[in-house]
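Some notes on the structure that comes next.
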Amino acid sequence: MLGYKMSQIPGSALSFAVLFTLLFSGRCSHQVPLVMWSSEGHALPRHAPPLAGHTVSGPQLLSYLTAALSGAPHNVLLFLQDKLSMDDFTVFGGVFGNKQDSAFPNLESALQSSTFPLVLPALSWPDSSALPGMLQEQLGTAPLYLDPETLAQLRLNSSGVALLVFRLPYSTEADMMSPRAVLRGNDEVVGQVLNIMKAQGVPYTAVYTAVRPSRVIAEGSLDGESVGRSLLQASSNEPYPPVEFKRGESTCILLWAENLTVSHFREQWRRHELGPQTFGSSATVSLTGSSCNRTHSRLVLNYENVLGFRSFRLIFSMSQRYYSVSARNWFTMDQVELEYDGQRALFNGSRNIYAPTEYSYRCESVTSFRDALLAAHSLTDNATQWRLSFEEFQIQGFNVTGTQFSYASDCASFFTPGIWMGLVTSLLMLLVFTYGLHMIMQLRTMDRFDDPKGPAIAVPQNE
Amino acid sequence: LFLHFGTMNGHAILYTGVTVAFWSTLLIVGICYTIFDLGFRFDVAWFLTETSPFMWANLGIGLAISLSVVGAAWGIYITGSSIIGGGVKAPRIKTKNLVSIIFCEAVAIYGIIMAIVISNMAEVSYSMFGAGLTVGFSNLFCGICVGIVGSGAALADAQNASLFVKILIVEIFGSAIGLFGVIVAILQTSKVKMGD
């Protein structure tokens with residue numbers, strides 16, 4: 001999101017920006033290619049191919065179809081793939097001199113053997129899904145959904161009218177096969193169908209297209225950064241409010257995090273992100289069991305079905321008291337507890353998670369395993385099987401005014417411990433150096449007995 | 001202070017400048033902490049707990065040897081210059097007064113032994129810093145002391161040969177204080193293994 005305030009942009013630039021984005025927004029790659037050909041000996045009527053880069057819209061498609069079907073056989077085979085984009089041909093079509101790797105050998109040979117195939121590289125998406133309907137209207141017959149085995153059992157009339165639809169998948173369940181393998185499989189189906197038609201000696205018109213594009217690249221509107229903020233731009237990351245626990249009318253505890261991740265070790269580490277269930281519009285967390293009074297605050301987040309545990313609770317316990325050395329009240333995060341199906345795992349946070357009572361505590365990363373701020377109580381505790389990681393964590397358990405956090409006391413100080421260590425050591429070295437330099441600069445050669453006009457010193461040879 | 005710059009030599013200007021910079025930095029930082037009510041951020045306990053004990057341990061080892069060597073060097077410098085000066089007029093003192101030099105050198109040897117003992121400690125702890133500081137400072141002052149006494153001994157010996165042995169007794173007392181430092185440092189390092 002850009003930080004420009006609307007008031008800072010002059011009016012003319014603003015209207016220009018709006019116009020710009022209106023003109024250019026919506027230019028997205030939501031296009032599906034379409035290939036149409038007819039059997040050998042029966043040519044499609046000649047047609048003007050679409051201009052390069054032109055997206056064929058619904059009415060244009062209709063006109064193409066009308067023109068094509070006027071002279072073509074009326075046995076139409078519609079190979080309708082789930083998803084297809086031009087990129088699939090580019091990536092899997094063996095177009096970079098590697099014809100042997102192509103996933104469309106049957107399609108290619110069919111196109112080559114037909115005369116005047118109709119190739120629409122860019123058919124606008126919502127219109128491509130209306131293709132079966134259009135064909136149905138044109139041919140005046142209902143579509144038949146088939147697969148190659150069923151087709152082999154049909155006897156088709158050479159001069160009849162038929163609309164045979166073959167649905168082809170794009171991805172298998174659980175993505176077990178790569179797209180290339182799936183497309184290859186689809187091409188095999190196309191080959192089989194065409195062979196069956198050839199064996200039966202029935203002329204046909206075949207169409208290979210898809211219901212929706214496989215790759216949707218949303219090109220954003222022309223960059224608004226140089227001309228001001230776009231009014232049509234929607235932010236993808238909606239900021240969400242913190243989790244509030246209210247006691248009566250007033251808010252008592254506030255919690256915010258970008259993500260709350262818990263991982264459990266049972267033969268291997270398994271993670272679960274609690275963030276979406278806790279914050280934002282999709283929150284399903286309940287705060288029953290939370291409590292707060294003047295000295296103790298306890299925030300209980302109740303979840304269900306986390307990592308295979310039916311009931312799961314994440315509990316933050318905080319307490320505050322007066323410390324006489326610093327003469328102020330501080331609060332500490334005494335414990336972070338996990339209660340899962342009757343078992344408990346406890347993490348101690350009072351050593352590192354603390355702040356003055358009036359302020360909130362904020363830390364970029366609160367973990368129990370990496371630069372850990374949360375520590376397990378003992379080596380045998382259940383906590384050793386768990387890993388917690390809270391990102392952009394902010395919490396306040398006392399002195400909450402209104403519904404917003406107070407000043408955030410950050411866990412990262414201005415000078416990190418490393419910087420302090422370097423400064424201390426350097427200062428010590430500097431002191432030593434200064435002292436040594438001072439001593440050396442104080443050295444004076446004896447000049448009491450110097451006599452510049454007298455004879456030079458004679459050093460005797462013998463002792 | 002500024003009016004005296006003309007009469008000061010280079011050292012004095014440098015030192016006053018550094019002192020002024022140091023104190024003004026502290027003053028400004030302190031004012032900022034107070035104004036923004038961030039005084040709670042000034043936390044010596046945090047500094048002591050968060051800084052790595054390895055830093056302190058290695059500082060201890062470094063100080064053990066370096067301060068001892070400074071003491072020894074200073075002592076040798078003082079004694080040596082006196083021996084050389086006195087030896088011009090009374091060459092007989094040269095050999096006998098080397099004992100004073102050896103007393104000063106012993107201080108450096110205490111320092112290196114302690115540095116090796118401390119660095120060989122398996123458990124890194126703050127007592128390494130403490131032990132290093134103990135032996136370092138006590139050897140520093142012991143070395144200076146022995147040096148000054150030894151210088152006096154050399155010059156007295158040059159005047160009157162019978163005085164040397166008496167002054168040597170004073171030097172022995174001076175050397176004992178270096179030994180005290182070594183003993184206490186050994187106690188500090190050994191406590192780590194015995195205690196917890």
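By convention in this document, chain letters (A, B, ...) are assigned in the order of the sequence lines, proteins followed by strands, and residues within each chain are numbered from 1. All values derive from a computational prediction rather than experimental measurement.
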Where along [range] does a heavy atom come under 4.5 Å of chain B, listed by residue number?
range: residues 402-410 of chain A; result: A/Tyr407, A/Ser409, A/Asp410
range: residues 247-256 of chain A; result: none
range: residues 321-337 of chain A; result: A/Arg328, A/Trp330

A/Thr401 and A/Asn399: side-chain donor and acceptor closer than 3.5 Å?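 Checked: A/Thr401/A/Asn399 side chains show no N/O donor-acceptor pair below 3.5 Å.
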We want to know whether B/Ser125 and B/Ser127 form a side-chain donor-acceptor pair, criterion being a heavy-atom distance below 3.5 angstrom. yes
Can you confirm whether [X] is buried at [atom1], in the sense that more than 12 heavy atoms of other residues, nucleotides or ligands lie under 6.0 Å from that atom?
X: B/Phe173; atom1: CZ; value: no
X: A/Phe265; atom1: CZ; value: yes
X: B/Ile112; atom1: CD1; value: no

Measuring heavy-atom distances to chain B, does A/Val432 have an atom under 4.5 Å in its side chain, in its backbone, in both, or in neither? neither
When the 4.5 angstrom heavy-atom criterion is applied to A/Phe414 and chain B, the contacting part is neither
On the 0 to 90° scale, with breaks at 30° and 60°, tag the B/Tyr126-B/Trp56 ring pair as parallel, tilted or perpendicular.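 Tilted.
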Over 60° means perpendicular and under 30° means parallel, so tell me whether A/Phe316 and A/Phe393 are parallel, tilted or perpendicular. tilted
Approximate separation, where rounding is to 0.5 Å, of A/Gln396 CD and A/Glu244 CD: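 One gets 11.5 Å once the value is rounded to the nearest 0.5 Å.
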Does [X] reach the main-chain N or O of [Y] with its side chain, forming a donor-acceptor pair under 3.5 Å?
X: B/Thr16; Y: B/Ile13; answer: yes
X: A/Asn382; Y: A/Arg344; answer: yes
X: A/Thr416; Y: A/Ile419; answer: yes
X: B/Thr79; Y: B/Gly147; answer: yes
X: B/Arg92; Y: B/Gly87; answer: no
X: A/Ser368; Y: A/Arg387; answer: no

[X], part contacting chain A, at a heavy-atom distance under 4.5 Å:
X: B/Ser52; result: both
X: B/Tyr77; result: side chain
X: B/Phe47; result: side chain
X: B/Leu63; result: side chain
X: B/Asn58; result: neither

Summary of side chain to side chain donor-acceptor pair (under 3.5 Å) pairs that have at least one residue in residues 100-122 of chain B, sequence neighbours excluded: B/Ser100-B/Glu171
Yes or no on side chain to side chain donor-acceptor pair (under 3.5 Å) for A/Ser389 and A/Thr261, after CA distance, side-chain angles and deciding distance? CA-CA 5 Å; A/Ser389 169; A/Thr261 311; 4.8 Å; no
